[in-house]
Amino acid sequence: MLVAGLAAALACSPAVDARAELASYAVVGDAIPVSLTGAGGDPKKGRAIVANRQVGLCLLCHSGPFPEERFQGTLAPDLSGAGSRWSPGQLRLRIVDSTRINPATIMPPYYRIDGLERVTPAFTGKPILNAEQVEDVVAYLATLRDAKQ
Amino acid sequence: MRIGHAAAALTILAGIVPAGAEIATAQRKSGYDFMARTTQAMQDGDTSNPGMLWVLDGAALWDRKAGAANRSCADCHGDAPTSMKGVAARYPEFNATLGRPINIEQRINLCRADRQQAKPLPYESKDLLALTAFVARQSRGQPIAIAEDEPTRRSVETGRAAFVRRQGQLNLSCAQCHDDNWSGRLAGNPLTQGQPTGYPIYRLEWQSLGSLQRRLRNCLTGMRAEAPALGAQELVDLELYLMSRARGMPIETPAVRP
(Lines give C-alpha, C1' and ligand atoms only; values in the text may rest on other atoms or scores of the structure.)
Protein backbone atom coordinates (compact mmCIF):
# COMPACT_ATOMS: atom_id res chain seq x y z
CA MET A 1 0.00 0.00 0.00
CA LEU A 2 2.70 2.42 1.10
CA VAL A 3 4.99 1.30 -1.72
CA ALA A 4 2.20 1.68 -4.27
CA GLY A 5 1.37 5.12 -2.92
CA LEU A 6 5.00 6.18 -3.03
CA ALA A 7 5.39 4.85 -6.56
CA ALA A 8 2.30 6.76 -7.66
CA ALA A 9 3.59 9.92 -6.00
CA LEU A 10 6.97 9.54 -7.68
CA ALA A 11 5.37 8.85 -11.03
CA CYS A 12 3.23 11.95 -10.67
CA SER A 13 5.80 14.29 -9.23
CA PRO A 14 7.49 15.55 -12.43
CA ALA A 15 4.15 16.58 -13.92
CA VAL A 16 3.02 18.21 -10.69
CA ASP A 17 6.30 20.12 -10.40
CA ALA A 18 6.13 21.21 -14.02
CA ARG A 19 2.54 22.39 -13.66
CA ALA A 20 3.48 24.32 -10.56
CA GLU A 21 5.68 26.58 -12.69
CA LEU A 22 2.62 27.88 -14.56
CA ALA A 23 0.29 30.46 -13.06
CA SER A 24 -3.05 28.96 -12.08
CA TYR A 25 -6.17 30.29 -13.74
CA ALA A 26 -9.92 29.76 -13.71
CA VAL A 27 -11.97 29.16 -16.84
CA VAL A 28 -15.40 30.76 -16.79
CA GLY A 29 -17.53 29.80 -19.77
CA ASP A 30 -15.25 30.19 -22.80
CA ALA A 31 -12.97 32.71 -21.11
CA ILE A 32 -10.23 33.22 -18.55
CA PRO A 33 -11.46 36.52 -17.12
CA VAL A 34 -8.49 37.26 -14.85
CA SER A 35 -4.98 38.17 -16.03
CA LEU A 36 -2.40 35.40 -15.59
CA THR A 37 0.02 37.90 -14.04
CA GLY A 38 -2.55 39.99 -12.17
CA ALA A 39 -1.59 42.93 -14.37
CA GLY A 40 -2.40 44.20 -17.84
CA GLY A 41 -0.05 43.42 -20.72
CA ASP A 42 1.88 45.73 -23.01
CA PRO A 43 0.24 45.89 -26.46
CA LYS A 44 3.46 47.09 -28.12
CA LYS A 45 5.36 44.06 -26.88
CA GLY A 46 2.36 41.92 -27.83
CA ARG A 47 2.50 43.09 -31.43
CA ALA A 48 6.20 42.19 -31.61
CA ILE A 49 5.49 38.71 -30.19
CA VAL A 50 2.69 38.07 -32.70
CA ALA A 51 4.90 39.13 -35.63
CA ASN A 52 7.96 37.15 -34.46
CA ARG A 53 8.18 33.82 -36.28
CA GLN A 54 10.30 32.19 -33.58
CA VAL A 55 8.37 33.46 -30.56
CA GLY A 56 4.67 33.94 -31.26
CA LEU A 57 4.62 31.95 -34.52
CA CYS A 58 1.16 33.47 -35.10
CA LEU A 59 1.75 34.61 -38.70
CA LEU A 60 2.67 31.09 -39.79
CA CYS A 61 -1.08 30.31 -39.72
CA HIS A 62 -2.82 33.70 -39.30
CA SER A 63 -2.70 36.87 -41.32
CA GLY A 64 -3.22 40.26 -39.71
CA PRO A 65 -2.68 44.01 -39.95
CA PHE A 66 1.09 43.72 -40.51
CA PRO A 67 1.79 45.55 -43.79
CA GLU A 68 5.54 45.10 -43.24
CA GLU A 69 5.28 41.28 -43.08
CA ARG A 70 5.15 39.78 -46.56
CA PHE A 71 4.62 36.12 -45.77
CA GLN A 72 1.54 35.36 -43.68
CA GLY A 73 -0.55 32.24 -43.22
CA THR A 74 -4.03 31.37 -44.46
CA LEU A 75 -4.79 28.42 -42.16
CA ALA A 76 -6.59 30.42 -39.47
CA PRO A 77 -8.77 33.54 -39.21
CA ASP A 78 -7.33 37.00 -39.97
CA LEU A 79 -6.42 38.65 -36.67
CA SER A 80 -7.88 41.99 -37.82
CA GLY A 81 -10.89 42.77 -35.67
CA ALA A 82 -10.07 40.06 -33.09
CA GLY A 83 -10.63 42.61 -30.32
CA SER A 84 -14.15 43.27 -31.61
CA ARG A 85 -15.01 39.58 -31.92
CA TRP A 86 -13.70 38.49 -28.52
CA SER A 87 -13.36 39.90 -25.02
CA PRO A 88 -9.88 39.92 -23.41
CA GLY A 89 -10.95 36.91 -21.32
CA GLN A 90 -12.02 34.98 -24.41
CA LEU A 91 -8.79 35.88 -26.21
CA ARG A 92 -6.83 34.71 -23.15
CA LEU A 93 -8.39 31.21 -23.13
CA ARG A 94 -7.95 30.88 -26.91
CA ILE A 95 -4.22 31.62 -26.51
CA VAL A 96 -3.70 29.62 -23.30
CA ASP A 97 -5.34 26.43 -24.56
CA SER A 98 -7.63 26.49 -27.59
CA THR A 99 -8.20 22.74 -27.30
CA ARG A 100 -10.50 23.50 -24.35
CA ILE A 101 -12.87 25.10 -26.87
CA ASN A 102 -12.28 22.82 -29.85
CA PRO A 103 -10.37 19.59 -29.11
CA ALA A 104 -9.50 19.18 -32.83
CA THR A 105 -8.11 22.70 -33.29
CA ILE A 106 -4.82 23.22 -35.13
CA MET A 107 -4.02 26.11 -32.73
CA PRO A 108 -1.19 25.15 -30.35
CA PRO A 109 -1.79 25.49 -26.61
CA TYR A 110 0.45 28.45 -25.78
CA TYR A 111 0.30 28.13 -22.02
CA ARG A 112 0.05 24.41 -21.31
CA ILE A 113 2.82 21.90 -20.63
CA ASP A 114 0.96 18.73 -19.70
CA GLY A 115 -0.68 16.23 -22.04
CA LEU A 116 1.88 16.90 -24.77
CA GLU A 117 3.70 13.99 -26.41
CA ARG A 118 7.39 13.74 -27.26
CA VAL A 119 8.29 17.39 -26.83
CA THR A 120 11.89 17.96 -27.88
CA PRO A 121 14.17 18.34 -24.81
CA ALA A 122 14.88 22.04 -25.47
CA PHE A 123 11.18 22.83 -24.99
CA THR A 124 10.17 20.19 -22.42
CA GLY A 125 8.31 21.63 -19.44
CA LYS A 126 8.14 25.08 -21.01
CA PRO A 127 5.02 26.75 -22.38
CA ILE A 128 5.29 28.37 -25.83
CA LEU A 129 4.74 31.77 -24.20
CA ASN A 130 5.18 32.72 -20.54
CA ALA A 131 2.42 34.44 -18.56
CA GLU A 132 3.73 37.95 -19.27
CA GLN A 133 3.93 37.23 -23.00
CA VAL A 134 0.38 35.83 -23.03
CA GLU A 135 -0.86 39.03 -21.38
CA ASP A 136 1.08 41.19 -23.87
CA VAL A 137 -0.55 39.33 -26.77
CA VAL A 138 -4.02 39.60 -25.17
CA ALA A 139 -3.47 43.36 -24.71
CA TYR A 140 -2.38 43.74 -28.34
CA LEU A 141 -5.20 41.67 -29.86
CA ALA A 142 -7.74 43.62 -27.78
CA THR A 143 -6.62 46.78 -29.64
CA LEU A 144 -7.57 45.26 -33.03
CA ARG A 145 -11.04 46.74 -32.95
CA ASP A 146 -11.80 47.25 -36.61
CA ALA A 147 -12.63 44.38 -38.92
CA LYS A 148 -10.52 44.27 -42.09
CA GLN A 149 -11.80 46.69 -44.71
CA MET B 1 -21.08 -1.57 -40.00
CA ARG B 2 -24.45 -0.55 -41.43
CA ILE B 3 -24.43 2.57 -39.23
CA GLY B 4 -20.93 3.34 -40.50
CA HIS B 5 -22.12 3.12 -44.10
CA ALA B 6 -25.12 5.30 -43.36
CA ALA B 7 -22.90 7.90 -41.70
CA ALA B 8 -20.52 7.83 -44.66
CA ALA B 9 -23.43 8.26 -47.07
CA LEU B 10 -24.76 11.20 -45.06
CA THR B 11 -21.32 12.78 -45.06
CA ILE B 12 -21.14 12.48 -48.84
CA LEU B 13 -24.67 13.86 -49.24
CA ALA B 14 -23.82 16.84 -47.05
CA GLY B 15 -20.64 17.41 -49.05
CA ILE B 16 -18.62 17.57 -45.84
CA VAL B 17 -15.09 16.30 -45.58
CA PRO B 18 -14.82 14.96 -42.05
CA ALA B 19 -11.75 16.19 -40.16
CA GLY B 20 -9.04 13.55 -40.08
CA ALA B 21 -10.13 12.00 -43.36
CA GLU B 22 -7.58 10.97 -45.97
CA ILE B 23 -7.43 12.96 -49.17
CA ALA B 24 -9.78 11.65 -51.87
CA THR B 25 -7.94 9.92 -54.74
CA ALA B 26 -9.14 12.44 -57.32
CA GLN B 27 -7.88 15.35 -55.19
CA ARG B 28 -4.35 14.11 -54.71
CA LYS B 29 -1.61 16.43 -55.96
CA SER B 30 2.14 16.09 -56.10
CA GLY B 31 4.27 18.80 -54.52
CA TYR B 32 5.19 19.59 -58.15
CA ASP B 33 1.71 21.02 -58.72
CA PHE B 34 2.20 23.53 -55.88
CA MET B 35 5.53 24.85 -57.20
CA ALA B 36 6.35 27.98 -59.18
CA ARG B 37 6.65 27.45 -62.93
CA THR B 38 10.40 28.17 -62.79
CA THR B 39 10.98 25.44 -60.18
CA GLN B 40 8.91 23.00 -62.24
CA ALA B 41 11.08 23.82 -65.26
CA MET B 42 14.20 23.12 -63.20
CA GLN B 43 12.88 19.64 -62.38
CA ASP B 44 11.71 18.93 -65.92
CA GLY B 45 15.05 19.18 -67.71
CA ASP B 46 17.74 16.59 -67.08
CA THR B 47 20.37 19.28 -67.71
CA SER B 48 18.69 21.79 -65.35
CA ASN B 49 17.75 19.33 -62.59
CA PRO B 50 20.55 19.39 -59.97
CA GLY B 51 19.41 15.97 -58.71
CA MET B 52 20.72 14.44 -61.93
CA LEU B 53 24.29 15.02 -60.66
CA TRP B 54 23.58 12.46 -57.91
CA VAL B 55 21.91 10.12 -60.41
CA LEU B 56 25.06 10.22 -62.57
CA ASP B 57 27.24 9.51 -59.53
CA GLY B 58 24.91 6.63 -58.67
CA ALA B 59 25.28 5.18 -62.17
CA ALA B 60 29.06 5.07 -61.69
CA LEU B 61 28.69 3.46 -58.25
CA TRP B 62 26.32 0.85 -59.71
CA ASP B 63 29.12 -0.48 -61.88
CA ARG B 64 31.92 -0.17 -59.31
CA LYS B 65 33.11 -3.31 -57.50
CA ALA B 66 33.01 -3.02 -53.73
CA GLY B 67 33.64 -5.01 -50.55
CA ALA B 68 35.47 -8.24 -49.78
CA ALA B 69 33.37 -9.99 -52.45
CA ASN B 70 34.71 -7.51 -55.04
CA ARG B 71 31.32 -7.39 -56.67
CA SER B 72 29.30 -4.52 -58.15
CA CYS B 73 25.53 -3.98 -58.13
CA ALA B 74 25.60 -4.61 -61.87
CA ASP B 75 27.29 -8.01 -61.38
CA CYS B 76 24.05 -9.31 -59.83
CA HIS B 77 21.37 -6.93 -61.16
CA GLY B 78 22.71 -6.25 -64.65
CA ASP B 79 21.23 -3.37 -66.59
CA ALA B 80 19.54 -1.02 -64.08
CA PRO B 81 16.97 0.54 -66.47
CA THR B 82 15.58 -2.99 -66.87
CA SER B 83 16.18 -4.63 -63.50
CA MET B 84 15.36 -1.59 -61.32
CA LYS B 85 12.32 -0.36 -63.26
CA GLY B 86 9.39 -0.09 -60.86
CA VAL B 87 11.40 -1.12 -57.80
CA ALA B 88 11.28 2.30 -56.06
CA ALA B 89 7.52 2.37 -56.64
CA ARG B 90 7.22 -0.69 -54.34
CA TYR B 91 9.39 0.57 -51.45
CA PRO B 92 9.41 0.50 -48.45
CA GLU B 93 8.83 -3.24 -48.82
CA PHE B 94 8.15 -5.83 -46.12
CA ASN B 95 11.25 -7.95 -45.52
CA ALA B 96 10.22 -11.40 -44.32
CA THR B 97 13.67 -12.25 -42.91
CA LEU B 98 13.77 -9.13 -40.75
CA GLY B 99 10.04 -9.19 -40.06
CA ARG B 100 9.65 -5.48 -40.82
CA PRO B 101 9.46 -3.10 -43.79
CA ILE B 102 12.71 -1.63 -45.10
CA ASN B 103 13.29 1.38 -47.35
CA ILE B 104 15.51 1.52 -50.45
CA GLU B 105 18.50 2.85 -48.52
CA GLN B 106 18.25 -0.12 -46.13
CA ARG B 107 17.81 -2.51 -49.07
CA ILE B 108 21.01 -1.14 -50.64
CA ASN B 109 22.89 -1.59 -47.37
CA LEU B 110 21.55 -5.15 -46.99
CA CYS B 111 22.94 -5.94 -50.43
CA ARG B 112 26.26 -4.39 -49.43
CA ALA B 113 26.41 -6.55 -46.29
CA ASP B 114 25.16 -9.82 -47.79
CA ARG B 115 26.39 -9.76 -51.39
CA GLN B 116 29.35 -7.38 -51.44
CA GLN B 117 30.58 -7.91 -47.88
CA ALA B 118 31.06 -4.15 -47.71
CA LYS B 119 30.46 -1.64 -44.94
CA PRO B 120 27.04 0.03 -44.89
CA LEU B 121 26.86 3.52 -46.37
CA PRO B 122 25.81 6.09 -43.74
CA TYR B 123 22.35 7.67 -44.07
CA GLU B 124 22.40 10.93 -46.06
CA SER B 125 25.95 10.22 -47.25
CA LYS B 126 26.70 11.30 -50.81
CA ASP B 127 27.13 7.70 -52.01
CA LEU B 128 23.93 6.34 -50.45
CA LEU B 129 21.89 9.26 -51.79
CA ALA B 130 23.49 8.79 -55.22
CA LEU B 131 22.74 5.06 -55.40
CA THR B 132 19.20 5.59 -54.06
CA ALA B 133 18.56 8.37 -56.59
CA PHE B 134 19.95 6.22 -59.43
CA VAL B 135 17.77 3.24 -58.48
CA ALA B 136 14.65 5.40 -57.99
CA ARG B 137 15.28 7.27 -61.26
CA GLN B 138 14.65 3.98 -63.08
CA SER B 139 11.03 4.14 -61.84
CA ARG B 140 10.30 7.66 -63.06
CA GLY B 141 6.73 7.73 -64.37
CA GLN B 142 5.87 4.39 -62.77
CA PRO B 143 2.78 4.41 -60.52
CA ILE B 144 3.45 3.90 -56.81
CA ALA B 145 2.45 0.30 -56.08
CA ILE B 146 2.96 -0.64 -52.41
CA ALA B 147 2.13 -4.30 -51.69
CA GLU B 148 -1.29 -5.07 -50.20
CA ASP B 149 -0.41 -8.18 -48.20
CA GLU B 150 -1.23 -8.51 -44.51
CA PRO B 151 2.18 -7.67 -42.93
CA THR B 152 2.48 -4.58 -45.15
CA ARG B 153 -1.02 -3.48 -44.20
CA ARG B 154 -0.15 -3.75 -40.50
CA SER B 155 2.90 -1.51 -40.95
CA VAL B 156 0.83 0.95 -43.00
CA GLU B 157 -1.58 1.15 -40.04
CA THR B 158 1.32 1.82 -37.68
CA GLY B 159 2.52 4.58 -39.98
CA ARG B 160 -0.96 6.08 -40.21
CA ALA B 161 -1.16 6.12 -36.39
CA ALA B 162 2.09 8.12 -36.26
CA PHE B 163 0.74 10.44 -38.98
CA VAL B 164 -2.38 11.38 -37.00
CA ARG B 165 -0.72 11.54 -33.56
CA ARG B 166 -0.35 15.01 -32.08
CA GLN B 167 3.16 15.65 -30.86
CA GLY B 168 5.67 18.27 -29.86
CA GLN B 169 5.31 21.54 -27.99
CA LEU B 170 3.04 22.80 -30.80
CA ASN B 171 0.75 19.77 -30.31
CA LEU B 172 0.35 19.16 -34.04
CA SER B 173 -0.11 16.03 -36.12
CA CYS B 174 1.08 15.51 -39.69
CA ALA B 175 -2.56 15.03 -40.73
CA GLN B 176 -3.71 18.41 -39.40
CA CYS B 177 -1.58 20.13 -42.03
CA HIS B 178 -1.22 17.61 -44.85
CA ASP B 179 -4.70 15.99 -44.84
CA ASP B 180 -6.85 18.81 -43.49
CA ASN B 181 -5.15 22.06 -44.62
CA TRP B 182 -3.10 21.22 -47.71
CA SER B 183 -4.69 23.97 -49.81
CA GLY B 184 -3.59 26.61 -47.29
CA ARG B 185 -0.42 28.61 -46.93
CA LEU B 186 1.95 28.32 -44.01
CA ALA B 187 3.70 31.69 -43.67
CA GLY B 188 2.99 32.37 -47.33
CA ASN B 189 4.24 29.00 -48.63
CA PRO B 190 1.93 26.30 -50.01
CA LEU B 191 1.49 23.61 -47.38
CA THR B 192 1.10 20.73 -49.87
CA GLN B 193 -0.19 17.21 -49.25
CA GLY B 194 3.15 15.68 -48.30
CA GLN B 195 3.07 13.21 -51.20
CA PRO B 196 6.41 11.34 -51.32
CA THR B 197 6.57 11.04 -55.11
CA GLY B 198 10.07 12.31 -55.87
CA TYR B 199 12.56 11.16 -53.23
CA PRO B 200 15.41 11.60 -52.86
CA ILE B 201 14.63 15.24 -53.71
CA TYR B 202 16.85 18.18 -54.51
CA ARG B 203 15.52 20.76 -52.04
CA LEU B 204 16.45 24.35 -52.79
CA GLU B 205 16.36 25.12 -49.05
CA TRP B 206 18.98 22.38 -48.48
CA GLN B 207 21.03 23.17 -51.61
CA SER B 208 21.42 19.39 -51.74
CA LEU B 209 19.77 16.07 -52.35
CA GLY B 210 18.07 14.55 -49.30
CA SER B 211 15.90 11.63 -48.26
CA LEU B 212 12.26 11.48 -47.22
CA GLN B 213 13.40 10.73 -43.67
CA ARG B 214 15.45 13.95 -43.64
CA ARG B 215 12.31 15.82 -44.77
CA LEU B 216 10.16 14.11 -42.08
CA ARG B 217 12.69 15.10 -39.43
CA ASN B 218 12.51 18.73 -40.64
CA CYS B 219 8.75 18.77 -40.03
CA LEU B 220 9.07 17.13 -36.60
CA THR B 221 11.66 19.72 -35.57
CA GLY B 222 9.26 22.45 -36.68
CA MET B 223 6.59 20.93 -34.45
CA ARG B 224 9.18 21.02 -31.65
CA ALA B 225 8.88 17.25 -31.34
CA GLU B 226 11.64 14.69 -30.83
CA ALA B 227 12.74 13.50 -34.27
CA PRO B 228 13.64 9.77 -34.40
CA ALA B 229 17.14 8.97 -35.68
CA LEU B 230 17.61 8.37 -39.41
CA GLY B 231 16.71 4.76 -40.15
CA ALA B 232 14.39 4.44 -37.13
CA GLN B 233 11.56 1.99 -37.72
CA GLU B 234 8.98 4.68 -36.96
CA LEU B 235 10.28 6.78 -39.87
CA VAL B 236 10.26 3.73 -42.19
CA ASP B 237 6.64 3.02 -41.17
CA LEU B 238 5.76 6.67 -41.89
CA GLU B 239 7.47 6.40 -45.30
CA LEU B 240 5.48 3.26 -46.02
CA TYR B 241 2.21 4.88 -44.98
CA LEU B 242 2.91 7.94 -47.15
CA MET B 243 3.75 5.74 -50.14
CA SER B 244 0.56 3.71 -49.67
CA ARG B 245 -1.37 7.01 -49.37
CA ALA B 246 0.14 8.03 -52.73
CA ARG B 247 -0.67 4.69 -54.41
CA GLY B 248 -0.99 5.17 -58.18
CA MET B 249 0.80 8.54 -58.31
CA PRO B 250 3.84 8.57 -60.64
CA ILE B 251 7.41 8.55 -59.32
CA GLU B 252 9.29 11.79 -60.17
CA THR B 253 12.78 11.06 -58.79
CA PRO B 254 14.85 13.14 -58.64
CA ALA B 255 12.22 15.80 -57.85
CA VAL B 256 13.11 19.43 -57.18
CA ARG B 257 11.30 21.13 -54.29
CA PRO B 258 11.53 24.57 -52.68
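Chain naming here is simple, since letters A, B, ... match the order of the sequence lines and numbering starts at 1 in each.
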>> Quick check for you: to the nearest 0.5 Å, what is the distance between B:Glu226 atom CD and A:Glu117 atom CD?
In response: 11.0 Å

> Non-hydrogen atoms of chain A under 4.5 Å away: do they reach the side chain of B:Leu172, the backbone, both or neither?
Replying inline: side chain

> Could you give the distance from CG (A:Leu116) to CG (B:Leu170), rounded to the nearest 0.5 Å?
Replying inline: 9.5 Å

> Going from CG on A:Leu75 to SG on B:Cys177, what distance comes out if it is rounded to the nearest 0.5 angstrom?
Replying inline: 6.5 Å

> Has B:Lys126 got more than 12 heavy atoms of other residues, nucleotides or ligands less than 6.0 Å from its NZ?
Replying inline: no

>> Please classify the contact of A:Thr99 with chain B as side chain, backbone, both or neither, using a heavy-atom distance under 4.5 Å.
In response: side chain

> Going from OH on A:Tyr110 to CD on B:Gln169, what distance comes out if it is rounded to the nearest 0.5 angstrom?
Replying inline: 9.5 Å

>> I need the B:Asn171 CG to A:Ser98 OG distance, nearest 0.5 Å.
In response: 11.0 Å

> If you take all heavy atoms of B:Leu186 and A:Cys61, which pair is closest and at what distance?
Replying inline: CD1-SG, 4.2 Å

>> Using only atom types and a distance under 3.5 Å, with no angle test, would you say the side chain of B:Gln176 pairs donor to acceptor with the backbone of A:Thr105?
In response: yes

> Hey, does B:Arg165 have a side-chain heavy atom less than 4.5 Å from the side chain of A:Arg118?
Replying inline: yes

>> At a 4.5 Å cut-off on heavy atoms, which part of A:Arg70 comes close to chain B: side chain, backbone, both, or neither?
In response: neither

>> Given heavy-atom pairs under 4.5 angstrom as the criterion, report whether the side chain, backbone, both or neither of A:Leu60 touches chain B.
In response: both

>> Whether the side chain of A:Thr120 engages the backbone of B:Arg224 through a donor-acceptor N/O pair (distance < 3.5 Å, no angle test) should be reported.
In response: no

> Rounded to the nearest 0.5 Å, how far apart are CG of B:Leu191 and OG1 of A:Thr74?
Replying inline: 8.0 Å

